[in-house]
Amino acid sequence: MVRVRTVIVVGGGIVGLATARALAARGLGVTVLEKEDRWGAHQTGHNSNVVHAGLYYKPGSLKARMSVSGNRSMVDFARAHGVPVEVCGKLVVATSESELLALRVLAERAEANGVQAKLITLAEAREYEPEVAAVAALRVESTGIIDFPAVCSAIVRGLRESGADLRLSTQALGIRSGRSGGVEVATGSEVLRADALVNCAGLQSDRVARMAGLTPRARIVPFRGEYYELRPDRAHLVRGLIYPVPDPTLPFLGVHLTRMLDGSVHAGPNAVLALRREGYRWRDISAGDLWETARFPGTWRLARKYAFPVGYDEVRRSLSRARFAASLARLVPAVGPDDLVRSGAGVRAQALLPDGSMVDDFLIESAPGQVHVLNAPSPAATSALEIGTYLSERLLES
Ligand SMILES: Cc1cc2nc3c(=O)[nH]c(=O)nc-3n(C[C@H](O)[C@H](O)[C@H](O)COP(=O)(O)OP(=O)(O)OC[C@H]3O[C@@H](n4cnc5c(N)ncnc54)[C@H](O)[C@@H]3O)c2cc1C
């Protein structure tokens, strides 16, 4: 086993930066490569900015463990580094009798994961959210709102102080084993060498893994999540965070209402197949990305399972503000189409298996001197510091 002294981290999103931080804390020399001209340019800079509590995830899974501990470590990190954060709690609301069983199951899951959550009546829910519609609700105390890009800036400051080599506008274009061990990464202008490599390339992570010689079974399929914002004069309708009971067969939480740190209220995200891996609008299309998605057998199996009615309804909701508003009105009936203004979008990197199933948990694969993060969707921003520590341990064991 080669003694690891230097590491190249591919990807300067929150997971790559948190991993670089954990490696630097162990005294290793770290280089971070980010192809864009800023940190957190993709998923990390286009998300809901929610510090999740950890109630949804299968007990014992990486997601469950790392979101519960990540909720604490992320809030502590933010407070220690002057990053805006507020632990405001949230409501998950059952809007019909048919959702009550799923709400109770969620309450049990929260308990199994050690998350403080309480089933409450409509009258109690209205003490938190006077405009909410519900048959019953689950009140979760530890959910918070944060500024994840500001977390990245704070990590970058610390990395600079520790002497890390931080490179923006630098894409890893080729990866191979070094002649005398370790790894070589071609960036176009030069070849960088290190003892080890960590792949935190988000939407490109399967391609980076293949570049490094792995043959990952899972393929990244991009799902765009679009947001609206409540008009400022209607923002009073929502005080905190209001979520629906999620469909347990889908990895997404359903469109929800989130008060941001600046007082604005965001609505969304939905989930539609993106026509480009980093495609934030319907008109962003990549023939190469589409061909790759279409050639993968898992895509067709997924389509068979979800295209109708789930996928069809998602597309119709994406194209119609009235339909989007109708989903929100189930949670807060006073919200109408005229209250909504289009806001940004994010693209989730969701790993898909050849059998058409979406990988539910974080997926991490190792090879000698390499660790690859092949599925880190929500709540990976919440869990980033925990993932970073875990990856640094995996790398030193690999
Ligand atoms: C719509 C949406 C809402 C979400 N809401 C939440 C939430 O509220 N709370 C939460 O915890 N999580 C949320 N998530 C999930 C969270 O944003 C992601 O799990 C997290 O940001 C993943 O971080 P990352 O560093 O792995 O990926 P990214 O942030 O995507 O970073 C990967 C980076 O790698 C770079 N890269 C790729 N290829 C190369 C290459 N070859 N060379 C160099 N650089 C490369 C990319 O440019 C990119 O910057 C949400 C995600 C989305 C899309």
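All values below were derived from every heavy atom in this structure, side-chain atoms included, with hydrogens, water molecules and symmetry-related copies excluded. Because the structure is a prediction, the values reported are computed rather than measured. Every number for a ligand or one of its atoms is a count from 1 in the order of the listing.
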Worksheet item: What residue and heavy atom of the protein are closest to atom 44 (N) of ligand 1, and at what distance?
Response: K35 N, 3.1 Å
Worksheet item: Quick one: does D339's side chain have a donor or acceptor within less than 3.5 Å of a partner on R231's backbone?
Response: no
Worksheet item: Quick one: which ligand 1 atoms are inside 4.0 Å of a heavy atom on L33?
Response: 43 (C), 44 (N)
Fill in: CZ/R321: more than 12 non-hydrogen atoms of other groups inside 6.0 Å
yes
Response to the item:
Heavy-atom proximity to atom 24 (P) of ligand 1, picking from V15, I175, I145, points to V15
Worksheet item: Can you tell me the protein heavy atom closest to atom 29 (O) of ligand 1 and the distance?
Response: T44 OG1, 2.5 Å
Item to complete: Could you tell me whether a side-chain N or O of T299 sits under 3.5 Å from a main-chain N or O of R295, the two making a donor and an acceptor?
Response: no
Worksheet item: Does an N or O from P269, backbone or side chain, lie closer than 3.5 Å to an N or O of ligand 1?
Response: no
Fill in: Pair E190-T187, side-chain donor/acceptor within less than 3.5 Å
no
Worksheet item: Would R207 and D289 pass as an ion pair if we require N to O under 4.0 Å?
Response: yes
Worksheet item: In terms of side-chain geometry, is the basic nitrogen of E314 or R317 positioned less than 4.0 Å from the acidic oxygen of its partner?
Response: yes
Practice prompt. Give yes or no for whether the N/O distance cutoff of 3.5 Å, strictly under, is met between A376 and ligand 1.
Written response: yes
Worksheet item: Between H52 and ligand 1, which part of the residue brings a heavy atom under 4.0 Å of the ligand: side chain, backbone, both or neither?
Response: side chain
Item to complete: May I ask you to say whether R259 pairs ionically with E86, meaning some side-chain N is under 4.0 Å from a carboxylate O?
Response: no
Worksheet item: For V132, does its backbone N or O pair with a side-chain atom of R126 as donor and acceptor, under 3.5 Å?
Response: yes
Worksheet entry | Value rounded to 0.5 Å, distance of CD1 in I145 from OG in S48 | 11.5 Å
Worksheet item: Do any nitrogen or oxygen atoms of S48 lie less than 3.5 angstrom from nitrogen or oxygen atoms of ligand 1?
Response: yes
Discussion item. In this structure, does ligand 1 have an atom that sits under 4.0 Å from one of the heavy atoms of G40?
Written reply: no
Worksheet item: Taking distance alone, with no angle check, do V50 and ligand 1 share an N/O pair under 3.5 Å?
Response: yes
Response to the item:
Within 4.0 Å of some non-hydrogen atom of T170, the atoms of ligand 1 are 43 (C)
Fill in: Interfacing atoms of ligand 1 (cut-off 4.0 Å, heavy-atom, A201)
32 (C), 34 (O), 37 (C), 38 (N)
Worksheet item: Based purely on interatomic distance, does R348 place a nitrogen or oxygen under 3.5 Å from a nitrogen or oxygen of ligand 1?
Response: no
Practice prompt. Indicate, as side chain, backbone, both or neither, the part of C200 found under 4.0 angstrom from ligand 1 when only non-hydrogen atoms are considered.
Written response: backbone
Worksheet, complete the sentence: Taken to the nearest 0.5 Å, the spacing of R139 CZ from E127 CD works out to 11.0 Å
Worksheet item: So which protein heavy atom does atom 50 (C) of ligand 1 come closest to, and at what separation?
Response: N47 CB, 3.3 Å
Item to complete: Tell me, please: is V373 in heavy-atom contact with ligand 1, that is, under 4.0 Å?
Response: no
Worksheet item: What residue and heavy atom of the protein are closest to atom 41 (N) of ligand 1, and at what distance?
Response: A172 O, 3.1 Å
Worksheet entry | Between S67 and Y56: side-chain donor-acceptor atoms closer than 3.5 Å | no
Discussion item. Return the closest protein heavy atom for atom 31 (O) of ligand 1 as residue, atom name and distance.
Written reply: G13 CA, 3.4 Å
Item to complete: Answer side chain, backbone, both or neither: which part of A345 comes under 4.0 Å from ligand 1, heavy atoms only.
Response: neither
Item to complete: With heavy atoms of Q171 as the reference, note each atom of ligand 1 found under 4.0 Å away.
Response: 40 (C), 41 (N), 42 (N), 43 (C)
Worksheet, complete the sentence: Logged contact type for N49 with ligand 1, heavy-atom cut-off 4.0 Å, is backbone
Item to complete: Report yes if some N/O of Q43 lies less than 3.5 Å from some N/O of ligand 1; otherwise report no.
Response: yes
Item to complete: Run the numbers for me: atoms of ligand 1, each under 4.0 Å from some heavy atom of Q204, listed by number.
Response: 37 (C), 38 (N)
Practice prompt. Please identify which atoms of ligand 1 are closer than 4.0 Å to at least one heavy atom of E36.
Written response: 47 (O)
Worksheet item: Salt bridge between R239 and E129, side-chain N to carboxylate O under 4.0 Å?
Response: no
Worksheet item: CG/D206 to CG/N375 distance, rounded to the nearest 0.5 angstrom?
Response: 10.5 Å
Worksheet item: At what distance is the nearest protein heavy atom to atom 34 (O) of ligand 1, and which residue and atom is it?
Response: G11 CA, 3.2 Å
Discussion item. Students should be able to answer this: which protein heavy-atom is nearest to atom 13 (C) of ligand 1, and at what distance?
Written reply: S378 OG, 3.5 Å
Fill in: Short N or O distance, T382 and ligand 1, threshold 3.5 Å exclusive
yes
Practice prompt. Under 4.0 Å, heavy atoms only, figure out whether ligand 1 is touched by the backbone of V10, its side chain, both or neither.
Written response: side chain
Worksheet item: Any Lys/Arg nitrogen of E278 or K35 sitting under 4.0 Å from an Asp/Glu carboxylate oxygen of the other?
Response: yes
Worksheet entry | Carboxylate-amine/guanidinium proximity below 4.0 Å for E292 and R277 | yes
Item to complete: Report yes or no: does Y227 have a heavy atom closer than 4.0 Å to ligand 1?
Response: yes
Worksheet entry | Any donor-acceptor pair under 3.5 Å from N113 side chain to G54 backbone | yes
Worksheet item: Nearest protein heavy-atom contact for atom 49 (O) of ligand 1: which residue, which atom, what distance?
Response: E34 OE1, 2.7 Å
Worksheet item: How long is the span from the CD atom in E36 to the OG1 atom in T170, to the nearest 0.5 Å?
Response: 11.0 Å
Worksheet item: Where the side chain of H266 meets the backbone of S264, is there a donor-acceptor pair that is under 3.5 Å apart?
Response: no
Response to the item:
Near V347 (heavy-atom distance under 4.0 Å), the atoms of ligand 1 are 53 (C)
